[in-house]
Amino acid sequence: MMKKNRNIQLFLLLICFAVTPVYAMDGGVENLKQTSKAFASVARSVSPSVVFIQVESAATGSTNTPFSSPFGNRLPFGDDLFKRFFGDDFTGIPRRPRFDAPQRERQIIGHGSGFVFAAKSDFKSDKTYILTNNHVVADANRILVKFQDGREYVATITGRDPQSDIAVIEIKAEGRPALALADSSKAEVGEWVIAIGNPFGLSNTLTVGVISAKGRTSLGISDYEDFIQTDAAINPGNSGGPLVDLNGEVVGINTAIFSRSGGYMGVGFAIPINLGKVIAHQLIEKGEVTRGYLGIAIQPLTAELAESFGIDPGQGILVAEVTKNSPADKAGLRQGDVIVSYDGEPVIDVGSFRNRVSLTPPGSREHLTVLRDGEKSDLTITIGKLFMDSQVAQGSAQGAENIGLTVQNLTPQLAEQFDVKPGEGVVITKVQAGSIAASAGIEIGSVILQVNRKTVNSVSEFKRAVKENSGKKRALLLIRKDNVQRYVALSW
């Protein structure tokens, strides 16, 4: 009898082992099907509000080239792929010797993405607003947007903010649904996200991934950074498109990738929609972005610095410099102070603190808690207004196109912002990408004191000095940046 019971137990055990994997497999497949249906549902609800953006811009260059390629001088898949076929001696596409040719203006066609951010009723306007990246539309002569249903509209720029790489464009259209916006501060690492856009001009493309990290700063992508990192595939042409959650709500604006090849490598960045929403509203309502200003230079509080200041690591950020007569100076902030709290919230890193200050309306009174000589001190500061480079460039700024610089007279406000004396030199408000000035490492905010060893104290003097030496096609500039002077030789 006992032997029979043992046989029955063994038989039941074998049944369990045989049956359980089947049930587990069926359950796993069903779960995957449900996940797949969730992605498909999001695609159906979001895609009608995502647009393909075609941008026409002008460029000047030689047309005497033997080959025409959509990839310019870069190979579409990099050298490695071709070397697999042609060996290590492969050096790229053969080219004929180049000859001097007349420079003429030609049209360049660029592609990007965007999404309907607000319907006309949201701002009591007859326009529909589309959110995208500034770098998508910055140099546009003509902007054409195309919806999934094939309808096309000519768009105009409502406003641009190069500092955050956000732009709003507008179209006159009826019945274009706006996407719902999530609270990006509540998004968590590990959550599913979906990127929708037009990579490489391939419209209505969907990719899926997770939020890999939050609060990425100091990447050098834009002036104000607080990126969401994702492994959802983002490629050229995705810029400006939405990163959405499984509710179909926008978490971020796809902006950039980290890549050694120019293509997707698993690391993409999106601007949090909370930041994008604030910037977009200001661009729509005011046409510009107003940012808060303290007048301090700050730096991370490393472990070594924390030890030298007698502070535990991880507490706040260090004040490296305080601009004279700035809001920070008037509030009593000092060099060497460690800011540990702003508006009642802990200060963790330089990037997030800078973003919080910039989004504080000028004129607001905010509370700072600082550590000074080991003791906590509470300060009240009246936030000033940051004079934006983009606002300067729209004013009386003048350019020197042959070297790629735009300069502005040093007003008292600009002099205070850049910590220089009014009337001494001209401040650089724009450096054209790819210009000889950019190649020489000249930066926005630098002050030009001399051109060819002649003092320049106004825009007119600067342009005259450059023009006088245009025949020699070179200029020697004396530049001051961060209280350090240096000579820069330019030739063209």
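Below, all heavy atoms of this structure are taken into account, side chains as well, without hydrogens, waters or symmetry copies.
Within the 3.5 Å criterion, the main-chain N or O of A187 finds a donor-acceptor partner in the side chain of K214. No donor-acceptor pair closer than 3.5 Å links the side chain of S49 to the backbone N or O of V116. Between the side chain of N254 and the backbone N or O of P242, at least one donor-acceptor pair lies under 3.5 Å. Side-chain atoms of S239 do not come within 3.5 Å of backbone N or O of G112 as any donor-acceptor pair. When atom types are taken as modelled, the side chain of T360 and the backbone of R356 share a donor-acceptor pair closer than 3.5 angstrom.
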Please report the C-alpha distance between V244 and V251 in whole Å, then the side-chain angles of each, then the deciding distance to 0.1 Å, and finally whether the side-chain contact (heavy atoms from CB on, under 4.5 Å) criterion is met.
CA-CA 5 Å; V244 301; V251 176; 5.8 Å; no

For the pair V426 and L410, evaluate side-chain contact (heavy atoms from CB on, under 4.5 Å) and give the outcome as yes or no after the intermediate values.
CA-CA 6 Å; V426 291; L410 267 173; over 6 Å; no

Under the side-chain contact (heavy atoms from CB on, under 4.5 Å) rule, what do E152 and Q54 come out as? Steps first, then yes or no, please.
CA-CA 10 Å; E152 298 182 356; Q54 179 175 296; over 6 Å; no

Would V347 and V340 satisfy side-chain contact (heavy atoms from CB on, under 4.5 Å), going step by step from the backbone distance to the final call?
CA-CA 5 Å; V347 172; V340 296; 5.8 Å; no

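By the side-chain contact (heavy atoms from CB on, under 4.5 Å) test, N198 pairs with F52, S113, S203, sequence neighbours left out. By the side-chain contact (heavy atoms from CB on, under 4.5 Å) test, N238 is found to be paired with P199, I234, N235, residues two or more places apart in sequence or in another chain being considered. Residues passing the salt bridge (Lys or Arg N to Asp or Glu O under 4.0 Å) test with K33 are E30, sequence neighbours excluded. Listed by chain and residue number, Y342 satisfy the ring-ring contact (aromatic ring centres under 6.0 Å, His included) test with F353 (two or more places apart in sequence, or in another chain).
Side chains of L477 and L405 form a contact here, defined as non-hydrogen atoms less than 4.5 Å apart. Within the 4.5 Å cutoff, side-chain heavy atoms of I194 are placed close to those of L206. Using a 4.5 Å cut-off on side-chain heavy atoms (C-beta onward), I442 and I479 make contact. In this structure, the side chains of Y129 and I169 stay at 4.5 Å or more apart for every pair of heavy atoms. Side-chain contact between Y293 and K385: absent, with no pair of heavy atoms (C-beta onward) separated by less than 4.5 Å. Proximity of Q299 to I317: side-chain heavy atoms (C-beta onward) are nowhere separated by under 4.5 Å. Looking at I211 and E188, their side chains never come closer than 4.5 Å, going by heavy atoms from C-beta outward. When side chains are defined from C-beta on, L359 does not count as touching V357, because their heavy atoms never get closer than 4.5 Å.
Residue K481 qualifies as enclosed at atom NZ: its count of foreign heavy atoms under 6.0 Å is above 12. Other residues, nucleotides and ligands place no more than 12 heavy atoms under 6.0 Å from the CG atom of D139.
S352 and N355 share no donor-acceptor pair across their side chains, judged by distance under 3.5 Å alone. Counting only N and O atoms by type, the side chains of T255 and N133 include a donor and acceptor under 3.5 Å apart.
What you find for G276 and I166 is that their closest heavy atoms are CA-CD1, 3.5 Å. In terms of heavy-atom proximity, V488 sits nearest to A440 at CG1-CB, 3.8 Å. The minimum heavy-atom distance linking A437 with G404 is given by the pair CB-O, 4.2 Å. Closest heavy-atom contact between A167 and V137: CB-CG2, 3.8 Å. Contact detail for A233 and T207: the closest heavy-atom pair is O-OG1, 2.8 Å. A pairwise comparison of heavy atoms in A182 and D245 identifies CB-OD2, 3.9 Å as the closest pair.
With rounding to the nearest 0.5 Å, the separation of CD in E249 from CG in L179 is 10.0 Å. Interatomic distance, CG of N141 versus CD of E56, reported as 8.0 Å (0.5 Å rounding). Distance check: L131 CG to I271 CD1 gives 8.0 Å after rounding to the nearest 0.5 Å. Atom CZ of residue R365 and atom OG1 of residue T382 lie 4.5 Å apart, to the nearest 0.5 angstrom. Going from atom CD1 of I253 over to atom CG of L275 covers 7.5 Å, rounded to the nearest 0.5 Å. To the nearest 0.5 Å, atom CD1 of residue I279 and atom OG of residue S358 are 6.5 Å apart.
Comment: R291 engages D161 in a salt bridge, judged by a side-chain N to carboxylate O separation of less than 4.0 angstrom. Comment: R160 does not engage D165 in a salt bridge, judged by the lack of any side-chain N to carboxylate O separation of less than 4.0 angstrom.
Considering I171, T156, I157, V154 as possible partners of I143, the one that fulfils the side chain to side chain contact (heavy atoms under 4.5 Å, CB included) test is I157.
Residue pairs that meet the ring pair (Phe, Tyr, Trp, His ring centres under 6.0 Å) test with at least one member in residues 150-186, sequence neighbours left out, are F147-Y153.
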Below 3.5 Å, can you tabulate the donor-acceptor pairs from side chains in residues 37-47 to any protein atom, sequence neighbours excluded?
from, atom 1, to, atom 2, distance (Å)
S45, OG, S41, O, 3.3
S45, OG, V42, O, 3.0
S47, OG, A43, O, 2.7

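Here H281 and F117 bring their ring centres to under 6.0 angstrom of each other.
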